[in-house]
Structure formats: C-alpha cells, structure tokens
Novice: 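Sharing a structure, written as structure tokens. Questions coming.
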Amino acid sequence: MRRTVLFCETLRETPAEAEVAGHQLLLRGGYIQPLAAGIYSLLPLAQRVATKIEQILREEMDAVGGQEITMPVVHPAELWRETGRWYDIGPELVRLRDRAHRDLVLAMTHEEVVADLLRRQVRSYRQLPVVLYQIQTKVRDEPRSRGGLLRTREFTMKDAYSCHASYEDLDRYYPQMYQAYLNIFGRAGVQVTAVQSDVGMMGGTMAHEFMLLTEIGEDQLALCDTCGYSANRQVATFRKPEPEAEEWLPLEEVETPGTRTIAALSELLGIPESRTAKAAFFVSAEHLIFAVVRGDMEVNETKLANAVGAQELRPANAEELSKAGIVPGYASPIGVGSVTIVVDDLVARSPNLVAGANRVGYHLRNTNYGRDYEAGLVADIAAAYEGAPCPHCSSPLRIVRGVEVGNIFKLGTKYSEGLGAAFLDEEGVSRHIVMGSYGIGVGRLIASTAEVCRDERGLVWPITIAPYEVYLAGLDLADARVRSTAEWLYEELDRAGVEVLYDDRDERAGVKFNDADLLGIPLRITVSRRTLQGNSAELKRRASAETRYVPLSDITVEVSEEIRHLREEILNRVEQEPLAAEE
RNA sequence: CGGGGUGUGGCGCAGGGGUAGCGCGCGCGCUUUGGGAGCGUGAGGUCGGAGGUUCAAAUCCUCUCACCCCGACCA
C-alpha cells in the first residue's frame, strides 16, 4: 500500500478527548475514528489488525472443532422472554420495535439464538458434540463506555458455543478451549493471565477470564507468585487468619461520640481494626441486606450477591437505612429486625469484637456471634486484599489490574432448558444439551494490545497482528534513482509476499520516521541517496534503535528472514499450560 | 444514574458585551532535504443548540444537547 493512497491521517498532537495512552495512539495514528460515545469506525489500519486477529481466531477455533456460522444481530424479543433475560437484563439490552410493533432486541450476546438453533436442529446424541462460533457484532448500551475501543457500546466479538450430551463431555472439552485461548493470545503476541472468575449474568458453573495485565484495566485480580493461584478479585478467596482464642466477655456499651468510621473507632478505643466488626448495607430486590465483615476488611459485593443468590445488588441509601431503623456509623447487627443479616465466616468465629450499638455515639464491646446475634447466613463475603494469604499456600497475594480480553464459561443447561433444546440419548431418554460459551472481544484486544505494546514514540505491534510488516520510507524521492529504487523495492517485496506500507509522500525524513514509529510497523526500511551510495537500504526493527545497511541484492531475503525471526519470537512464547482438572 | 470537567476552523488552544484570533495541519509558489523545515501566499469557523437580556452576545441569563473523567454498573 502506498502512503499517498492509504486512508490515514496522522495527528501531531494528542486529541484532548483521549485519556488512555493506547487510545491516544490509535487516534493519533489514524487507526480509529469516533462516531459517538463508545462507537467507533475502524479505519484501514485498524481493520487490518482486526482482520489478522480474526484470522487467528478462525484458525484456533477450527483447530478445536469449531464450525463458523453467522447469527443475526436483530432478534425477536420472544426468544429472550423464553430464557427470562428480557426481564432480567436492564437498559444495556437495546430494545426496539418493528413496524408491526413487535418487540425486538439487538444482540448483546447470542446464547438464545444458539439454543434456538440447537432445538431446531439437534434430535439425537449422535449429533453431539458440536462447536459453533461466529465473529459478529454485539450491541450493549453500556452505562459508561471507556478508553476508546476498550469498552464500547457496539463491538465485534468472537463467540463460540460448545454443545454436549453430558457434563462429562463438556468437562473434557473445556480444557481444549482453554488451551486454544492461550494459543490465540500467544499468537497475537500478548501475555495474558488466566484467572478463575464469577459467572455473572451468563450463569453457569465454572468460568475463566483471560486478563491482560495493565494499570488501565477495570478488573482487579488476586495473584499468588508462589503457587500460581489466580482469580478475579470478585471471587478470590484467601486464607483467613485464626481469630484469637478468648473467653467470651460480657457485652458492654461504650460511649464513642463522633466516631463514625472504623479508623476513628479503633483509635478512640486503642484497639486494632481487626478487633472490630464493620457493617455495610445493600439492597437486593427491595430487600435490605446487612453485611458484616471484620473491621480491617471490605465486603466483596460479588461474593455477597452470590451468597444470597441475588441477581442484583446495590448499596442502600440513607432513606432505606433509616426506614429499617439503622443508624449509619453506629449500625449493629444486634437488635435489628426485618433485614437479612449476612456475616462473614471470620466474624462469626472471632470473639469479643467491637460493633455499633445502633444508637448515635455508642458502640458495643465484646459482641459475639451466636450469643448476641444470629445471621440469616454465614459465608465468605470478605474481599481479598493486597498481602492476603493465598488460599492454597498462604503466601501473600498481589492485587493487580487487568483488562478482560476473553472468557470461557461452562454454561450448563441454563439456555437449553430455557428454550427446550433437548436430544435423545442412547437409552432413548430426553436430555437437555449441556453448553459452554467462549468469548473474545476483537476491539478490546486491539485496544489493550495498543496499551501494552508501545513506547514514548508510538505503537509497537507484534508482527502477527501488525497492519503491515514493513514500513518502506523512501527519502530523497525527487532523485530519480532513489525513486526508481524505492519503487522497485516496493514491487519486489510485494512479490515476495511481504506486507509493505510504502511511504511515497513528498515529506522530509523526520516526518516519515516519526510516522513509522507512531504507526508501530515492526520493520522499517529506508532508501535514500545515502543508502544508495553503497547500493543498499537501511533496515531497522521498530522495537530496537539499531540500524544496519543491507545490500539491495539481499534485502528481500533479509527482510523475509527478519519477519520469520520476529514471528518465531512470538510463537515460541505461546504457553502450553494444561488446565488443572480441579479448580 | 450520582459527582466533576470540557464544548471556538481538521488537531491543540487563546479571547470573555462592539461583530473572531494563535500554533500545527491543509492548498499553491520558491528554497530546503536522515528524526515532525523556512519564506511568501491562500482556503477554511452557524464560537454545540434553542430561547432570553441588550442598540449590540462567542462573551451575560435560562433551558438543552454532546463529549471526556471518577463512581455505580458491566462480556
């Protein structure tokens, strides 16, 4: 491609709207163009990156038995009513009506349609297992889009669905998909960390997320460097400290004026925060939930929601609290009525904690679970924290941020039951199809790769997904000999199958070099009067400052070699890491 | 949905009652030519939108829309 033809305008200054570095570079490099909040066009360069990623996706999906299909983006609401998600999902599901006033939805995901396909097509165990996938548009009216392609309201997703006759067969298949995912990200040249995760709105029994570790990530992960334990903080467990072995002491009210926080309380009473109980309040389906964790810990909302079986959980507001007779800052699980009390297992085991007295200016010493109050539920609802003991080996956990670039779920029969997708087994018994669901966001992968693969000058694409392999900078193009050599080399490389972006513009060297760096093409070749003096061209890797002159007679071979090296460097890093059978 | 911020030419910004400017980019000409050139000369703007105040509004007032950031939420 000639730079004079390429639909791409690079910017010298960073657009003010972009905060995230990777996003800034994609805008400056002319990769993407915003149309509305969280809605982007992919321009030719980004489209090429997307196409390369999609090619990897197709190859790896095909390798684990996937068959590509395309499902519609517009669905009849009836399908979503059948599984209940029409009612369960909020405004992020885009709903519309056709001219006959029929309700329609725009696909935010495709489980319903897959299950519908299955119920229409599958009758016998002989047809299973089957793995279907597509690379399709998803629409989600996000409450808040973010970071350019990182979180958008319309995006392309590779979604795959495996369909099995039994849970055993899904369990056997799931690790294959797990490995396929490691292959995909490895081949794309990005390092990901697989973590156990919450099943969220998708439902199901087991899930992993593939996380690209970066500060701009929206998720928090708990990682153990010693034994390799890794989990999304939403579900991460940790080994809780053994509480002090103490006799229960008598309950005692103390005056604590103006101490509405745990920190103030522990200072006033001269006790560690770990000797206090902290209350937090949530509302689920109009029902108030009173959560208690030890004062030095935080409530993990996901764990809490899962513990009480809630679809949705939100912090309670002041009005709801006062209606329930709860005094914020001095709340106590003792003597509150008509609310669900959920107590963290550590609090239930800890003697003589200080808790609120449910009366402004007073707390209670020596509260003891079982003697002074009971709970509707005792469960692990505390959030893992930096330095918390690993649940497997007790080493301190690290909390880091990451971007979820892919996820895999054991869905089970939620959708096949909802839509009645069943088959007859060997014995002639009707059974529901057991499903797995596997997603990768293409745009998000582009955005997070841009975030991770860059330096102060611009992007540095892994060669496997770079829009072009070579940036050919022709300098001194007014010189007929230089021009004809550059043109010849462009043709020559093209004939050799090398993907070249040829900068044939009438620009100064600095402009071309800066653009080459900004766009992040892995290799740069320079042809100029200077290089032609030795009948050579200059070759440089984007990732290195080193340059070398290569005779024109060898340049095509040399470049092909370099490309091969760069590819091998990436492919050699692809992890072979079998998924442990039991997690 | 709560909190904060910003809307002035393609991009970055200034101006703050008297009819719009700077830098970069863009067109043309000459010079220059290995890390974002110089000079000259041009083109390009309903100052986000609507209403109001005023002799006069980019500027003041009211409403509204859009975009960004934090939170809530989320694959």
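Because the structure is predicted, anything quoted here is derived from the model rather than measured. Below, chains carry the letters A, B, ... as their sequence lines are ordered, and counting in each starts from 1.
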Novice: Would the base of B/G36 count as contacting A/Arg28 through its side chain, where contact means a donor and an acceptor less than 3.5 Å apart?
Specialist: yes

Novice: Please give the distance between the C1' atoms of B/U54 and B/G18 as a whole number of Å.
Specialist: 12 Å

Novice: Is A/Glu538 touching bases, backbone alone, or none of the nucleic acid, heavy atoms closer than 4.0 Å?
Specialist: base

Novice: What is the distance, to the nearest angstrom, from the CD atom on A/Glu142 to the P atom on B/C73?
Specialist: 13 Å

Novice: So A/Arg541 and A/Glu546, salt bridge (charged side-chain N to carboxylate O under 4.0 Å, His left out) or not? Walk me through it.
Specialist: CA-CA 7 Å; A/Arg541 286 189 182 196; A/Glu546 244 173 82; over 6 Å; no

Novice: Would you say A/Phe155 stacks on B/A75, if stacking means ring centres under 5.5 Å apart and planes within less than 30 degrees?
Specialist: yes

Novice: Using a 3.5 Å limit on both pairing distances, list the dot-bracket string of RNA chain B from the 5' end; Watson-Crick and G-U wobble pairs count, crossing pairs take [ ], interstrand pairs take |.
Specialist: ((((((((.[[[[.)..(..]]]].((((((.....)))))).....[[[[[..)....]]]]])))))))....

Novice: Can you identify which nucleotide, out of B/A75, B/G34, B/G36, has its nearest atom closest to the A/Val511 side chain?
Specialist: B/G36

Novice: Could you list the residues that satisfy ring pair (Phe, Tyr, Trp, His ring centres under 6.0 Å) with A/Tyr502, not counting sequence neighbours?
Specialist: A/Tyr490

Novice: Looking at every non-hydrogen atom in both residues, tell me the closest pair between A/Ile326 and A/Ala331 and how far apart they are.
Specialist: CG2-CB, 3.7 Å

Novice: How many Å lie between CD on A/Glu154 and C1' on B/A75, as a whole number?
Specialist: 15 Å

Novice: Show each protein N/O and nucleotides 28-33 of chain B N/O combination with a separation under 3.5 Å, one pair to a line.
Specialist:
| from | atom 1 | to | atom 2 | distance (Å) |
| --- | --- | --- | --- | --- |
| B/U32 | O2 | A/Arg508 | NH1 | 2.7 |
| B/U33 | O2' | A/Asp476 | OD1 | 3.2 |

Novice: What pairs of residues pass the ring-ring contact (aromatic ring centres under 6.0 Å, His included) test when at least one of them lies in residues 514-544 of chain A, not counting sequence neighbours?
Specialist: none

Novice: For a quick check of understanding: with a heavy-atom distance under 4.0 Å over all strands, which category does A/Ala18 fall into, base, sugar-phosphate or nothing?
Specialist: nothing

Novice: Distance check needed: B/G34 P versus A/Leu477 CG, whole Å only.
Specialist: 13 Å

Novice: Across nucleotides 1-16 of chain B, 5' to 3', mark each nucleotide with B, S or - according to how protein heavy atoms within less than 4.0 Å reach it.
Specialist: B---------BSS---

Novice: Say you pick atom C1' in B/G51 and the same atom in B/C39; how far apart are they, in whole Å?
Specialist: 49 Å

Novice: As a quick check of understanding, evaluate side-chain contact (heavy atoms from CB on, under 4.5 Å) for A/Met61 and A/Ile184, giving each step before the final call.
Specialist: CA-CA 9 Å; A/Met61 287 300 103; A/Ile184 288 163; 3.8 Å; yes

Novice: Among pairs that include at least one residue of residues 17-45 of chain A, which meet salt bridge (charged side-chain N to carboxylate O under 4.0 Å, His left out), considering only residues two or more places apart or in two chains?
Specialist: none

Novice: Using the P atom on both, measure B/U59 against B/G9 and round to a whole Å.
Specialist: 15 Å

Novice: With a 4.0 Å heavy-atom cut-off, tell me which residues in residues 517-526 of chain A come close to RNA chain B, sorted by residue number.
Specialist: A/Asp517, A/Arg524, A/Thr526

Novice: Please confirm whether A/Tyr178 and A/Phe210 have ring centers closer than 6.0 angstrom.
Specialist: yes

Novice: Using the P atom as the point on both nucleotides, what is the distance between B/A57 and B/G17, in whole Å?
Specialist: 14 Å

Novice: Between CG of A/Asp517 and CZ of A/Arg454, what distance do you get to the nearest 0.5 Å?
Specialist: 15.0 Å

Novice: If the condition is side chain to side chain donor-acceptor pair (under 3.5 Å), which residues does A/Thr193 pass it with, not counting sequence neighbours?
Specialist: none

Novice: Using heavy atoms to find the nearest nucleotide of RNA chain B for A/Ser528 and A/Gly148 separately, return the residue whose nucleotide is more 5′.
Specialist: A/Ser528

Novice: State which residues pass ring pair (Phe, Tyr, Trp, His ring centres under 6.0 Å) with A/Phe513; sequence neighbours excluded, sorted by chain then number.
Specialist: none

Novice: Identify whether any heavy atom of A/Gly30 sits under 4.0 Å from a base atom; if not, whether one sits that close to sugar-phosphate; answer base, sugar-phosphate or nothing.
Specialist: nothing

Novice: Can A/Arg548 and A/Glu558 be counted as an ion pair, charged N to O under 4.0 angstrom?
Specialist: yes

Novice: What pairs with A/Glu298 under salt bridge (charged side-chain N to carboxylate O under 4.0 Å, His left out), at least two apart in sequence or on another chain?
Specialist: A/Lys278

Novice: I want to confirm an ordering. Mapping A/Val20 and A/Glu301 to their closest nucleotides on RNA chain B, which one lands closer to the 5' end?
Specialist: A/Val20

Novice: Could you go through residues 469-477 of chain A and list every donor-acceptor pair under 3.5 Å that involves a side-chain atom there, pairing it with any protein atom two or more places apart or in another chain?
Specialist:
| from | atom 1 | to | atom 2 | distance (Å) |
| --- | --- | --- | --- | --- |
| A/Glu469 | OE1 | A/Glu499 | N | 2.9 |
| A/Glu469 | OE2 | A/Arg567 | NH2 | 3.4 |
| A/Tyr471 | OH | A/Asp503 | OD2 | 2.7 |
| A/Asp476 | OD2 | A/Arg529 | N | 2.9 |

Novice: Say you pick atom C1' in B/U8 and the same atom in B/A14; how far apart are they, in whole Å?
Specialist: 10 Å

Novice: Say we look at B/G48 and B/G12: how far apart would their P atoms be, to the nearest angstrom?
Specialist: 14 Å

Novice: Provide the distance between the two P atoms, one in B/C68 and one in B/C60, to the nearest whole Å.
Specialist: 25 Å

Novice: Could you walk me through whether A/Arg140 and A/Glu154 pass salt bridge (charged side-chain N to carboxylate O under 4.0 Å, His left out), step by step?
Specialist: CA-CA 6 Å; A/Arg140 298 180 187 178; A/Glu154 179 189 312; over 6 Å; no

Novice: Could you work out, with ring pair (Phe, Tyr, Trp, His ring centres under 6.0 Å) as the rule, every residue matching A/Tyr40, not counting sequence neighbours?
Specialist: A/His23

Novice: Please give, in whole Å, the distance from B/C73 C1' to A/Ile89 CD1?
Specialist: 13 Å

Novice: Quick one: are the ring centres of A/Phe409 and A/His208 less than 6.0 Å apart?
Specialist: no

Novice: How long is the line joining CG of A/Asp515 and C1' of B/A37, in whole Å?
Specialist: 16 Å

Novice: In whole angstrom, what separates A/Tyr471's OH from B/G35's C1'?
Specialist: 13 Å

Novice: Give A/Thr152 one of three labels, base, sugar-phosphate or nothing, depending on what nucleic acid heavy atoms sit under 4.0 Å from its own.
Specialist: base

Novice: Give the rounded distance in Å between these two atoms: NZ of A/Lys512 and C1' of B/G36.
Specialist: 13 Å

Novice: Look at the side chain of A/Arg12 and decide which nucleotide, out of B/G25, B/C68, B/G34, has an atom nearest to it.
Specialist: B/G25

Novice: For nucleotides B/G45 and B/U19, find the distance between their C1' atoms and express it as a whole number of Å.
Specialist: 14 Å

Novice: Under 4.0 Å, heavy atoms only, any strand: does A/Glu404 hit a base, just the sugar-phosphate, or nothing?
Specialist: sugar-phosphate

Novice: In this structure, how many angstroms lie between the P atom of B/A72 and the CD atom of A/Gln234, rounded?
Specialist: 11 Å

Novice: Could you check whether A/Arg457 gets within reach of a base, just the sugar-phosphate, or nothing at all, counting any heavy atom under 4.0 Å?
Specialist: base

